[in-house]
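What follows is one structure encoded as structure tokens, with my remarks underneath.
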Amino acid sequence: MRKRAIVVGSGAGGATVAKELQGHFDVTVLEAGTEFRRATLDRGSIERLRRSRLLVDPRLLRLAYPPIRIRRTPDMLLVNGVGTGGTTTMATGNGIRMDEDLRALGLDLDREFEEITREIPITTAHQLRWHPTTRRLFRTFDDLGLDPVVMPKMGDAARCRHCGRCMLGCPYGRKWDSRTYLDQAVRLGARLVTRSPVVSVVMDGGRATGVVTRGMVGHQFVPADLVVLAAGGFGTPAILERSGIRCEPTLFVDPVLTVAARVPNAWQCNEIEMPFVVQRDGYILSPYFDWISSLFHPQWRHRLQDIVGIMIKLADENVGSVSGSKVHKLLTPVDRSRLDEAVGVATEILARFEADPNEVFLGTVHAGHPGGMLPLTEASAPAVHDDRLPENVFVADATLFPRSLGNPPILTIIALAKRVARICADKDTAVKIRTPARRRSPMPIP
Ligand SMILES: Cc1cc2nc3c(=O)[nH]c(=O)nc-3n(C[C@H](O)[C@H](O)[C@H](O)COP(=O)(O)OP(=O)(O)OC[C@H]3O[C@@H](n4cnc5c(N)ncnc54)[C@H](O)[C@@H]3O)c2cc1C
Ligand code: SF4
């Protein structure tokens, strides 16, 4: 009989591990949320919602878009996805390899990234159908010597409809998300159980024996020979804490702040999000229509088609923690001074773009790239396994990143998750080789 593996979460890390491990193990994916459903709001209903001023609290967005989870800290909103595909369903499709820090720890993920390029289409072909506003923005960035680079997108970006709804779930199925891997895992025989939040890992004699879930019928023990936690940068540390394993107060989240201006009939709201990017020291800049701010921020009162935004995504300091459902995360003085510098650059870009300097306004700081609370070190990187974990418990998400990427993390999480799966599969094979299967008794000769 094959051994049983439980994979917690079905986002970038969980779906990858499930696909890679099924066959080596009998995999069960335990997912806290339900099947992903995109937000079907059209521009007219969004405008009506904004005018109604009913959306006084961003957390209410969940009423119109159930998979989104928004939490508040004094300095920012924290955003993540709950349901099949995790946060990848609301991602903007950016696919960048960002493994320099892992490589510095001795982790060479070349093989995993090669596999990814065979499995996930990644292209800059969306550039061919950019709106005039995006083309003009690109030239403006270029004229300022900022060295803009077209953003590689995961999925069928050549046929992207440039509708601008990436964050609300792609209505045309052009954007890749981890449900592709999840479906493959299920076709290979993995079991997916939704509405099944994992409370904790159960341990006995230094090994995990399974997990406890909280379901419709109360708490339930699910036995397993292997547990892989991929509940995301907020979810995984919370499960570990409830299992008696303390992580470190080194949470990063990559805060985002959009600097925007009124530009009549710019129609950026109908453009692919983050079409190009500029890498700066400690942050990136990219054109972005900020749906969260446009829905809730009182200053974002202009018609949607008249707003142009430049996103600042910060590589924040690793200072913060998760405890249960509470997240403690503030901007440090270093974060604030980087943000101030970036706001200056974005304002200059908008001025060059001929936006009225008196009409520049800021969005709400929000963040959706959590990780860093069980950071890999030179010692733990080769086995991708922290000593605090039992031998048969692994983590396969950005919780392992040594510091913020300040950049899209999905591809790097997938590469890391592939390595975790390979290590688990190889370990299992090694055990089988060491303990050969008992020989069958010879058949009696008739
Ligand atoms: C608006 C937005 C846009 C983004 N755009 C991009 C982008 O373009 N490119 C990019 O690279 N990154 C992007 N990101 C970041 C990226 O989506 C996430 O970093 C990535 O999805 C994290 O993968 P993960 O598997 O670690 O976690 P997630 O994808 O968040 O998946 C975690 C899963 O675990 C489940 N879960 C949580 N707790 C439990 C529990 N206790 N029991 C069972 N299940 C649980 C959740 O429901 C979820 O399905 C974006 C993020 C946001 C918010
Ligand atoms: S712009 Fe529209 S069609 Fe293109 S990836 Fe985003 S949601 Fe899909």
Side-chain angles (χ1 to χ4, degrees), residues 6-17 29-34 36 38 67-70 77-98 126 129 151-157 159-179 182 193-200 211 213-214 229-236 238-239 242 253-254 256 270-275 286 288-292 313 325 366-371 395-401 405 407-414 416-417:
I6 283 176
V7 176
V8 183
S10 63
T16 306
V17 172
V29 180
L30 298 176
E31 167 52 57
T34 57
F36 173 74
R38 66 182 183 85
I68 199 165
R69 174 145 196 213
I70 299 184
L77 302 174
L78 301 167
V79 184
N80 66 291
V82 178
T84 53
T87 315
T88 66
T89 49
M90 44 200 71
T92 54
N94 309 322
I96 316 189
R97 176 174 179 169
M98 292 296 306
H126 56 90
R129 293 172 66 190
M151 181 69 90
K153 296 280 178 181
M154 300 177 286
D156 190 1
R159 294 199 304 137
C160 166
R161 302 271 291 263
H162 295 256
C163 69
R165 299 290 184 275
C166 312
M167 189 200 157
L168 304 173
C170 180
Y172 305 104
R174 304 291 194 258
K175 191 185 77 178
W176 186 93
D177 66 57
S178 67
R179 287 175 301 162
L182 187 63
V193 188
T194 55
R195 295 177 200 269
S196 214
V198 168
V199 180
S200 58
V211 300
T213 61
R214 196 184 59 242
L229 299 174
F234 298 133
T236 293
I239 297 171
R242 291 190 294 263
V253 292
D254 288 6
V256 162
N270 278 17
E271 175 59 293
I272 191 167
E273 298 275 40
M274 302 183 72
S286 182
Y288 185 64
F289 189 84
D290 181 347
W291 285 103
I292 292 187
K313 193 189 291 288
S325 60
H366 58 274
H369 296 183
V395 168
D397 61 33
T399 306
L400 297 177
F401 287 0
L405 305 182
N407 262 285
I410 288 176
L411 285 188
T412 309
I413 294 172
I414 293 176
L416 201 52

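Remember, it's 1-based here, ligands and their atoms both numbered in the order they're listed.
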Sub-4.0 Å atoms of ligand 1 with respect to non-hydrogen atoms of G86: 29 (O), 31 (O), 48 (C), 49 (O)

With no hydrogens and no angle check, is any side-chain donor or acceptor of T412 less than 3.5 Å from a backbone partner on M98? yes

Can a donor-acceptor pair be found, under 3.5 Å and without considering hydrogens, that links the side chain of T236 to the backbone of G233? no

Considering all heavy atoms of both residues, which atom of M274 and which atom of K313 are nearest to each other, and what is their separation? CE-CE, 4.3 Å

Taking every heavy atom of P171 against every heavy atom of R165, the minimum-distance pair comes out as CD-CB, 4.1 Å

Backbone of F36 reached by a side-chain donor or acceptor of T84 within 3.5 Å: yes

of all protein heavy atoms, closest to atom 37 (C) of ligand 1 is A231 O, 3.4 Å

Within ligand 1, which atoms have a heavy atom of P408 less than 4.0 Å away? 9 (N), 10 (C), 11 (O)

Sub-4.0 Å heavy-atom contact, G173 with ligand 2: no

Just by modelled atom types, is the V199 backbone N or O under 3.5 Å from a matching donor or acceptor in the R214 side chain? no

Within the 4.0 Å heavy-atom shell around R161, which atoms of ligand 2 are there? 3 (S), 4 (Fe)

Just to check, does N80 reach to within less than 4.0 Å of ligand 1 when the distance is taken from its heavy atoms? no

Give me the nearest non-hydrogen protein atom to atom 45 (C) of ligand 1 as residue plus atom name, then the distance to 0.1 Å. A32 CB, 3.5 Å

Give the numbers and elements of all ligand 2 atoms closer than 4.0 Å to a heavy atom of R165. 7 (S)

At less than 4.0 angstrom from any non-hydrogen atom of T88, what atoms of ligand 1 do you find? 17 (O), 21 (O), 29 (O)

Give the atom numbers and elements of ligand 2 that come within less than 4.0 Å of a heavy atom of C160. 1 (S), 4 (Fe)

In this structure, atom 2 (Fe) of ligand 2 is nearest to the protein heavy atom C163 SG, 2.4 Å

Between V8 and ligand 1, find which residue part has any heavy-atom pair under 4.0 Å and reply side chain, backbone, both or neither. side chain

Donor-acceptor contact below 3.5 Å, side chain E273 vs main chain Y288: no

Atom of R69, atom of S325 and distance for their closest heavy-atom approach: NH2-CB, 4.2 Å

Just need the protein heavy atom nearest to atom 27 (O) of ligand 1, so name the residue and atom and give the distance. G232 CA, 3.5 Å

Taking only non-hydrogen atoms of A12 and a 4.0 Å limit, the atoms of ligand 1 in range are 23 (O), 24 (P), 25 (O), 29 (O)

Rounded at 0.5 Å granularity, tell me how far NE2 in H162 sits from OH in Y172. 12.0 Å

Can you report which non-hydrogen protein atom sits closest to atom 22 (C) of ligand 1, along with the distance? I413 CD1, 3.6 Å

Suppose I only count heavy atoms of G164 and a 4.0 Å limit; which atoms of ligand 2 are within that range? 1 (S), 2 (Fe)

Can you tell me if K153 uses its side chain to pair, donor with acceptor, with the backbone of T92 under 3.5 Å? yes

If you scan protein heavy atoms around atom 31 (O) of ligand 1, the nearest is G11 CA, 3.4 Å

Heavy-atom nearest neighbour in the protein, as seen from atom 14 (N) of ligand 1, with distance rounded to 0.1 Å: H369 NE2, 3.3 Å

Residue pair G33 / T194: nearest heavy atoms and the distance that separates them: O-CB, 3.2 Å

What distance separates L168 CG from W291 CH2, expressed to the nearest 0.5 Å? 6.0 Å

At a 4.0 Å threshold, what atoms of ligand 1 neighbour a non-hydrogen atom of A230? 32 (C), 33 (C), 34 (O)

Do you know the tightest heavy-atom contact between V29 and S10? CG1-CB, 4.1 Å

Looking at non-hydrogen atoms alone, which of A91, G368, G93, G235 comes nearest to atom 4 (C) of ligand 1? A91

The atoms of ligand 2 lying under 4.0 Å from a heavy atom of P171, numbered in the order shown, are 7 (S)

Between the candidates V17, T87, V198, which shows the shortest non-hydrogen contact distance to atom 40 (C) of ligand 1? V198

Quick check: does Y288 get an N/O under 3.5 Å from an N/O on ligand 1? no

So the atoms of ligand 2 within less than 4.0 Å of a heavy atom of Y172 turn out to be 3 (S)

Output yes when a side-chain donor or acceptor of R242 lies under 3.5 Å from a complementary backbone atom of V198, and no otherwise. yes

Against heavy atoms of V82, which atoms of ligand 1 measure under 4.0 Å? 47 (O)

Ignoring hydrogens, just give me the one of G169, C166, A157, A91 whose non-hydrogen atom is nearest atom 6 (Fe) of ligand 2. C166

Within this structure, what is the OG1-CZ distance for the pair T399 and F234, rounded to the nearest 0.5 Å? 10.0 Å

Contact (N/O only, under 3.5 Å) between R242 and ligand 1: no

Shortest non-hydrogen pair, H126 vs M151, comes out as NE2-O, 2.7 Å

Among V395, D397, T92, T213, which residue places a heavy atom closest to atom 26 (O) of ligand 1? D397

If I take atom OG1 from residue T87 and atom CE from residue M167, how far apart are they, to the nearest 0.5 angstrom? 10.5 Å

Would you confirm whether T88, through its side chain, and D177, through its main-chain N or O, come within 3.5 Å as a donor-acceptor pair? no

Using 2.8 Å as the threshold, say whether any N, O or S atom from C170 sits that close to atom 8 (Fe) of ligand 2. yes

Ligand 1 contact on M167 by region, counting heavy-atom pairs under 4.0 Å: side chain

How far is atom 16 (C) of ligand 1 from the closest protein heavy atom, and which atom is that? I410 CG1, 3.7 Å

So how far is it from I410 CD1 to N94 CG, rounded to the nearest 0.5 Å? 8.0 Å

L30: numbered ligand 1 atoms lying under 4.0 Å from its heavy atoms: 43 (C), 44 (N)

Under 4.0 Å, heavy atoms only, figure out whether ligand 1 is touched by the backbone of I96, its side chain, both or neither. neither

Mind checking the CD1-NE2 spacing from I70 to H366? Nearest 0.5 Å is all I need. 8.5 Å

Would you mind running through ligand 1 and noting each atom that sits below 4.0 Å from a heavy atom of P197? 42 (N), 43 (C)

Residue, atom and distance of the protein heavy atom nearest atom 19 (O) of ligand 1 read P409 CG, 3.3 Å

